[in-house]
Protein chains: 2
Amino acid sequence: MPHTVRTEKEITRFAGFLQDQGLKLTTERTALVREIFATHYHFEADELLFKMKEKGLKISRATVYRTLELLVKSGMVRRVHLGEDHYHYEHVTGNSHHDHLICTTCGSVIEFHDDVLEQRQREICERKRFTPTFHNLQILGLCADCRKKGELPDAPDRVKMIGAGATQLRK
Amino acid sequence: MPHTVRTEKEITRFAGFLQDQGLKLTTERTALVREIFATHYHFEADELLFKMKEKGLKISRATVYRTLELLVKSGMVRRVHLGEDHYHYEHVTGNSHHDHLICTTCGSVIEFHDDVLEQRQREICERKRFTPTFHNLQILGLCADCRKKGELPDAPDRVKMIGAGATQLRK
DNA sequence: TCTGCAATTGAGACTCAGTCTCATTTGTTG
DNA sequence: CAACAAATGAGACTGAGTCTCAATTGCAGA
C-alpha cells in the first residue's frame, strides 16, 4: 500500500516537533504516525498496537503509549473520552476542534463543531474569571438510525461501544 | 455526629428505589448513602471505601462499587469524568444538572449551569436527528486564584488533581 | 564514513481502578 | 419463625496504562 502524500507530510511535521525537543525520529515512531494518520476513526491504544503487530511490525506497548503521548504533546493527536472507561485517540487535521455525539446503542460517533456553543463557553468562563485552555463535550443519546429501528436509549451509565476493534489484544 | 434530616430523606428515597426493584436496604447501603450525602464534593470510589473504614465500618470494595452502581441507576448519584483517568462521583440534589470548570493547576472544580448552552445543544441534536439522553461538558483551564498567583496553564493532557483524598487506600 | 553517547526500545514486572466468584450471612415475605 | 433470594466480604482477576533496565539505535560532530 503506497503511503499518501498526506501521511508523509504528517511525518515531516512530527519530525520537526521532535527536533525542536531534541528527540529522535525512529522507525517505530514513523510507522506509528503513518498508521495513525491512515486511520480515520477514534481508536484505542491497544487497537493500534494490534494493528502494528498484524502488519508484522513488532512495536512494544510501551513505545505505542510513549509515542501517543508525544503526539498529544505536539498537538497532532487528541486524547478523548467517549463515554467508555478508557481513552480513545484521534488525529487532528487542520481546522481541528470538534465535539462528539455518541450513540449509546450502536456506539457510532458523530463529530460536530458549533461556534455559538464555543462562544457561549468563552462567555461563561469570563464571567467566572476562568481561563479556558481546552474543553470536552460529549452528548450521549440515540442516533437517527437506532431511533428508526425502534431502539430505546440505554441508561446513560451503560454505554457500550462497537469498535473497529479487536478485543483480547495483549500478548 | 447526628444525621441530618436531609440525609435521612435520601435514605428513604433510596429505600423506595430498592423496593421497586425487589432489592434490599441493608445496613451497608444505608451507611454508604449517609456518607455520600454528607460529602459535598466530587469523590472517588476508593476514597469512599477508605472513609467508611476510618469510621470503623468495614464495607468491602465490592459493596462500595455495587452500591454506587445502584445509586447511579436510581439517579441519586452521578458518575463524572473530571479530566482524570478514572471516575468521580457526586450526589445529585434537587435541580441537578450542571457542568464543570476544572483547574488543571490546583484541581479545583467549579460547577455551573447555563440554559443557553443547554438549549443550543438541543438544537444541534435536532439538526443531526440525534436524541440526547445525557451530556457531559468539562472545560479545563486556570481558575482565578491560580491565575492571580501567576501560574501558567498546564498542557491539557496533564491534569493533576488535588483531592480531599487519601492515596494508598487499599488493604 | 565513523564514533560516541544520549535517546530509544522491548520485555515484562508492576500499578491501580474496577469486576467477578463463591461460600457465608442477612432481610423479607409467607 | 422458616425459607430462600439477595447481599456481603475476601480476595482472585482483568485490562489499561506505567515503569525499569539492559540492549539498541539515530544523529551530531570529527
Side-chain angles (χ1 to χ4, degrees), chain A residues 11 14-33 43-50 52-53 57-72 79-82 84-89 157-161 163 165-171, chain B residues 11 14-33 43-50 52-53 57-72 79-82 84-89 157-161 163 165-171:
Chain A
I11 291 167
F14 191 42
F17 169 80
L18 291 173
Q19 189 123 42
D20 288 354
Q21 309 280 312
L23 305 177
K24 294 169 184 172
L25 180 66
T26 64
T27 49
E28 289 83 0
R29 287 174 181 174
T30 306
L32 285 167
V33 172
F43 60 92
E44 303 174 19
D46 264 16
E47 195 181 328
L48 178 57
L49 176 63
F50 183 69
M52 300 316 282
K53 204 169 285 176
L57 303 167
K58 41 186 169 33
I59 295 180
S60 72
R61 180 191 332 289
T63 299
V64 167
Y65 278 102
R66 286 187 285 231
T67 303
L68 282 171
E69 197 186 332
L70 286 171
L71 283 163
V72 169
R79 198 159 75 142
V80 292
H81 269 303
L82 294 179
E84 276 189 292
D85 60 357
H86 60 276
Y87 289 108
H88 282 74
Y89 296 86
D157 63 307
R158 286 293 200 80
V159 180
K160 56 181 183 237
M161 301 285 288
T167 38
Q168 189 47 40
L169 303 178
R170 296 213 167 198
K171 214 356 131 8
Chain B
I11 291 167
F14 191 42
F17 168 81
L18 291 173
Q19 188 122 44
D20 288 354
Q21 309 281 312
L23 305 176
K24 295 167 183 172
L25 181 65
T26 63
T27 49
E28 290 83 1
R29 287 175 181 174
T30 305
L32 284 167
V33 171
F43 60 92
E44 302 173 20
D46 265 15
E47 193 181 329
L48 177 58
L49 176 65
F50 182 68
M52 300 317 282
K53 203 168 288 176
L57 304 168
K58 39 187 170 32
I59 296 180
S60 73
R61 179 193 333 289
T63 298
V64 168
Y65 279 101
R66 285 187 286 232
T67 303
L68 282 170
E69 199 187 330
L70 286 170
L71 283 163
V72 168
R79 198 159 76 140
V80 292
H81 268 304
L82 294 180
E84 276 189 291
D85 60 358
H86 59 276
Y87 290 107
H88 282 74
Y89 297 85
D157 62 308
R158 289 291 203 77
V159 181
K160 57 181 182 234
M161 302 284 288
T167 39
Q168 188 50 38
L169 303 178
R170 296 215 167 196
K171 221 341 142 4

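By convention in this document, chain letters (A, B, ...) are assigned in the order of the sequence lines, proteins followed by strands, and residues within each chain are numbered from 1.
Contact detail for Ile59(A) and Leu49(A): the closest heavy-atom pair is O-CD1, 3.1 Å. When all heavy atoms of Asp46(B) and Arg61(B) are compared, the pair lying nearest together is OD1-NH1, 3.2 Å.
Between the CD atom of Gln21(B) and the P atom of dA6(D) there is a distance of 12 Å, given to the nearest Å. Here the P atom of nucleotide dT8(D) and the CG atom of Leu32(B) are 9 Å apart, to the nearest Å. Rounded to whole Å, the distance from CZ on Arg79(A) to C1' on dA16(D) is 11 Å. Atoms NZ (Lys24(B)) and P (dT8(D)) sit 10 Å apart, rounded to a whole Å. Taking atom CG on Leu68(A) and atom P on dT18(D), their separation rounds to 10 Å, with Å as the unit. If you take CG of Leu18(A) and C1' of dA6(C), they are 15 Å apart, rounded to a whole angstrom. The interatomic distance linking Arg61(A) (CZ) with dT14(D) (P) rounds to 15 Å, in whole Å. To the nearest angstrom, P of dG18(C) lies 16 Å from CG of Leu70(B).
With hydrogens and angles ignored, a donor-acceptor pair closer than 3.5 Å exists between the side chain of Arg66(B) and the base of dG9(D).
Here Gln19(A) lies in heavy-atom contact (under 4.0 Å) with sugar-phosphate atoms only.
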- Query: His81(A) and Tyr87(A): ring-ring contact (aromatic ring centres under 6.0 Å, His included), yes or no, with the steps?
  - Reply: CA-CA 5 Å; His81(A) 269 303; Tyr87(A) 289 108; 4.6 Å; yes

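Mapping Ala62(A) and Thr27(A) onto DNA chain D by nearest heavy atom places Ala62(A) at the nucleotide closer to the 5' end. Comparing Tyr87(B) and Glu28(B) along DNA chain C, the residue whose closest nucleotide (by nearest heavy atom) sits nearer the 5' end is Tyr87(B).
For the OP1/OP2 pair of dT9(C) and a distance below 4.0 Å, the side-chain nitrogens and oxygens of Arg29(A) include at least one atom meeting the criterion. Side-chain nitrogen and oxygen atoms of Tyr65(B) include at least one within less than 4.0 Å of the OP1 or OP2 phosphate oxygen of dG18(C). Look at Thr26(A) and you won't find any side-chain N or O under 4.0 angstrom from OP1 or OP2 of dA7(C). Side-chain nitrogen and oxygen atoms of Thr63(B) include at least one within less than 4.0 Å of the OP1 or OP2 phosphate oxygen of dG9(D).
Ring geometry for Phe14(B) versus Phe17(B): interplanar angle under 30°, hence parallel rather than tilted (30 to 60°).
Of the options Leu68(B), Leu70(B), Leu57(B), Leu48(B), a side-chain contact (heavy atoms from CB on, under 4.5 Å) to Leu32(B) is made by Leu48(B) and by none of the others.
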